[in-house]
Amino acid sequence: MNKCKTISMVACLCAGICVSPAYSLDLSLKDAIAKIEHESHDLKKAQANVSKAEASLDAANASRWFSIDGTASYMNMVNVENPSESMGIELPPEMGGLISESLENQSVFIEIPDNIFQVGLTFTQPIYTFGKIGNAVKSVKSAIKMAESSRELTRRSVRYAATDLYWTAKMTDEMVRLSETDLKNARTAKRKLTSAGRANRSNLLKIESDIISKEVNLAQTKFNRDTAHRMLKIMAGIDVNEELVLTDNFPNKFSALDAGELTSTPQWEILDEQVNMYERAARSKRANNYPTLAATASYTYSSMAGDIGHLFDKRGGQSAYWGLALQMPIFNGGLNRANATVEAMNATAAREDLAQAKKVTTEEYNNAINRYDMLRDNLASLEKARDLAAKTYELSQNRFAAGQTSAVELADVSAGLYQLDASVLQMKYNILMSAETVKKLGE
């Protein structure tokens with residue numbers, strides 16, 4: 001007896017070692033949204049656009065500061081008549097006598113250094129540009145705000161899509177449960193029919209046909225569930241082979257929405273800043289017709305020699321200056337005016353887009369609120385109809401088992417109950433997504 005117990009314990013231990021425990025990942029709605037936002041390429045791209053706009057602001061602000069330019073040059077002058085000799089000027093004897101009595105009746109050759117080296121620095125600091133730089137910087141700041149609003153718009157869209165994926169997957173879970181219950185009820189009805197005695201052949205054939213149909217429906221709902229779960233896993237960056245358990249359930253009660261009047265959305269902010277950006281760019285283009293006042297300074301060092309080896313033997317020449325410079329455009333063929341007109345027309349178009357967006361988005365926002373309220377008010381009535389259908393099916397099932405009704409009637413009642421269960425589930429999904437639409441547009 002003890003030997004048998006020992007063998008049994010060893011067998012159980014081996015079975016426990018060989019069979020790995022089933023593992024599933026619990027996933028809440030909040031976690032799903034966080035994972036999908038982290039994996040979203042659209043959000044990463046939106047963040048990159050913000051960084052790009054901020055870099056453009058650094059480039060625009062750089063025009064406010066001074067600039068230092070350096071130049072260095074080396075030249076070798078070539079004697080065209082005799083390239084191997086350096087260049088020079090030969091003075092006639094008469095000129096030599098004028099220079100010195102020792103050079104009387106002698107020609108004088110003055111050599112010109114053919115190696116020249118120059119290096120210099122130029123400093124320029126804009127003082128007043130009549131709006132060219134200031135409006136350009138403001139235009140870029142508007143572009144940054146547009147990028148930030150676009151990122152928020154993308155975040156809301158990603159969150160909405162994540163919520164949709166989650167509740168769609170949860171709804172497929174519930175549909176599988178409903179299909180399994182529907183199939184179980186049909187099998188139970190058949191068992192009661194056959195256990196009550198000799199069953200009517202037509203009823204038996206009908207109930208068997210319903211069972212086959214319900215088995216096919218269950219297979220389809222399981223396929224839909226697996227597809228929805230797979231899509232959720234892919235978007236959330238979860239291994240597709242990992243089993244998911246969606247921990248959030250559809251609420252039984254829905255509270256009233258705390259939604260006020262729509263005053264702003266990321267889309268409106270984008271279009272509003274787009275108007276500002278174009279208008280500021282137009283002012284910057286117009287300012288190109290105005291002068292630019294700048295402080296300037298320069299330093300130059302130069303050295304010359306007959307050959308490159310003696311270029312720095314002696315101290316070279318140095319020069320420097322500082323002062324103010326006024327640059328005044330005179331004629332450019334109307335280019336600045338044309339560019340300003342283009343930007344002004346872009347601002348006008350953006351202003352019209354903003355007005356249209358306010359009308360459309362406000363209507364969508366109000367419709368989402370009204371839809372939520374309508375569905376919420378009708379949910380109780382639909383649930384009441386479902387409960388009545390469940391009682392009707394229970395009565396019909398008992399009558400069918402007693403041979404007091406046909407399988408056709410039972411199938412109709414069963415189909416009605418299944419349809420009402422699915423309708424309640426669909427309505428809860430629609431209520432949740434209506435609330436999410438309100439958040440997406442007006443949060």
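Being a predicted model, the structure only gives us computed values, none of them experimental.
Of all the heavy atoms in I207 and A189, the pair that sits closest is CD1-CB, 4.2 Å. Across V140 and A53, no two heavy atoms sit closer than the pair CG1-O, 3.8 Å. Residues A228 and A169 come closest through the heavy atom pair CB-CA, 3.8 Å. Scanning both residues, I211 and L183, for their nearest heavy atoms gives O-CD1, 3.6 Å. Between R156 and K439, the closest heavy-atom pair is NH1-O, 3.9 Å. Nearest heavy atom pair, residue P126 against residue W65, reads CD-O, 3.8 Å.
Electrostatic pairing of D31 and K35 does not count as a salt bridge here, judged by no charged N lying under 4.0 Å from a carboxylate O. Taking 4.0 Å as the cut-off between side-chain N and carboxylate O, E383 and R386 do not count as a salt-bridged pair. Ion pairing between a basic and an acidic side chain is recognised when a charged N comes within 4.0 Å of a carboxylate O; K190 and E208 show such pairing. Between E343 and R286, no side-chain nitrogen of the basic residue sits less than 4.0 Å from a carboxylate oxygen of the acidic one, so the salt-bridge criterion is not met. Salt bridge annotation for R351-E279: present, with a cationic side-chain nitrogen under 4.0 angstrom from a carboxylate oxygen. A salt bridge links R155 to E152: one of the charged nitrogens lies within less than 4.0 Å of a carboxylate oxygen.
Side-chain contact between D69 and L121: absent, with no pair of heavy atoms (C-beta onward) separated by less than 4.5 Å. Side-chain contact between N115 and Y74 is present, with at least one heavy-atom pair separated by less than 4.5 Å. The side-chain heavy atoms of T129 and S63, taken from C-beta on, include no pair separated by under 4.5 Å. Side-chain contact between I116 and S302 is absent, with no heavy atoms from C-beta onward closer than 4.5 Å. For the pair I238 and L25, the minimum side-chain heavy-atom distance is below 4.5 Å.
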For this session: Could you go through the side-chain hydrogen bond (donor to acceptor under 3.5 Å, both in side chains) check for Y418 and N217 one step at a time?
Result: CA-CA 11 Å; Y418 181 84; N217 182 59; 3.0 Å; yes
Problem set entry | side-chain contact (heavy atoms from CB on, under 4.5 Å) between K30 and D248, worked out | CA-CA 9 Å; K30 182 180 179 180; D248 284 18; over 6 Å; no
Exercise. Can T265 and K358 be said to form a side-chain contact (heavy atoms from CB on, under 4.5 Å), step by step?
Worked result: CA-CA 9 Å; T265 71; K358 285 184 176 181; over 6 Å; no
For this session: Give the intermediate values and the outcome of side-chain contact (heavy atoms from CB on, under 4.5 Å) for residues T168 and Y429.
Result: CA-CA 8 Å; T168 298; Y429 165 83; 3.7 Å; yes
For this session: Mind running salt bridge (Lys or Arg N to Asp or Glu O under 4.0 Å) on E242 and K233 for me, showing each step along the way?
Result: CA-CA 8 Å; E242 191 163 10; K233 294 173 189 176; over 6 Å; no
For this session: Apply salt bridge (Lys or Arg N to Asp or Glu O under 4.0 Å) to K145 and E148, showing your working.
Result: CA-CA 5 Å; K145 292 181 180 179; E148 291 173 345; over 6 Å; no
For this session: Would you check, one step at a time, whether the test side-chain contact (heavy atoms from CB on, under 4.5 Å) holds for V342 with Y278?
Result: CA-CA 9 Å; V342 170; Y278 285 137; over 6 Å; no
Exercise. Which is it for D210 and K206 under the salt bridge (Lys or Arg N to Asp or Glu O under 4.0 Å) test, yes or no, and what are the steps along the way?
Worked result: CA-CA 6 Å; D210 286 344; K206 175 60 178 174; 3.5 Å; yes
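Between the side chains of T154 and D42, not a single donor N or O lies within less than 3.5 Å of an accepting N or O. Side-chain contact check for S179 and K214: no donor-acceptor pair (N or O, by modelled atom type) lies under 3.5 Å. Between the side chains of Q267 and T361, a donor-acceptor pair is found at a separation under 3.5 Å. For the residue pair S142/E273, the side-chain donor-acceptor check at 3.5 Å is satisfied.
Although no hydrogens or angles enter the test, the distance criterion places a donor-acceptor pair under 3.5 Å between the side chain of T163 and the main chain of R159. Side-chain N or O atoms of S157 include one that pairs as donor or acceptor with a backbone N or O of L153 at under 3.5 Å. Checked by atom type and distance alone, the side chain of S213 never pairs as donor or acceptor with a backbone atom of S209 at under 3.5 Å. Between the D182 side chain and the L178 main chain, no donor and acceptor come within less than 3.5 Å of each other. Between the side chain of K170 and the main chain of L165, no donor-acceptor pair closer than 3.5 Å is present. R280 places a side-chain N or O within donor-acceptor distance of the main-chain N or O of K138, the cut-off being under 3.5 Å. Between the D272 side chain and the W268 main chain, no donor and acceptor come within less than 3.5 Å of each other. Under a 3.5 Å cut-off, the side chain of S284 and the backbone N or O of K132 do form a donor-acceptor pair. Under the 3.5 Å distance criterion, the side-chain polar atoms of T392 are matched with a main-chain donor or acceptor of L388. Checked by atom type and distance alone, the side chain of K428 never pairs as donor or acceptor with a backbone atom of L425 at under 3.5 Å.
Counting heavy atoms of neighbouring residues, nucleotides and ligands inside a 6.0 Å radius, atom CE of M427 exceeds 12 of them. The 12-atom threshold is exceeded at CZ of F130, counting heavy atoms of other residues, nucleotides or ligands nearer than 6.0 Å. The 12-atom threshold is exceeded at CE of M374, counting heavy atoms of other residues, nucleotides or ligands nearer than 6.0 Å.
Expressed to the nearest 0.5 Å, how far CG of N49 lies from CD of E54 amounts to 11.0 Å. Summarising the geometry, atom CG belonging to L232 is positioned 6.0 Å from atom CG belonging to L244; distances are rounded to the nearest 0.5 Å. D353 CG to L271 CG: the interatomic distance, rounded to the nearest 0.5 Å, is 6.0 Å. Note that CE of M75 and CE of M304 are 9.5 Å apart. Values are rounded to the nearest 0.5 Å.
Aromatic rings of Y299 and Y301 (six-membered ring for Trp) have centroids beyond the 6.0 Å cut-off, not under it. Residues W167 and F250 bring their aromatic ring centres within 6.0 Å.
In this structure, K440 satisfies the cation-pi test against Y160, with its NZ or CZ atom closer than 6.0 Å to the six-membered ring centre and inside 45 degrees of the ring normal.
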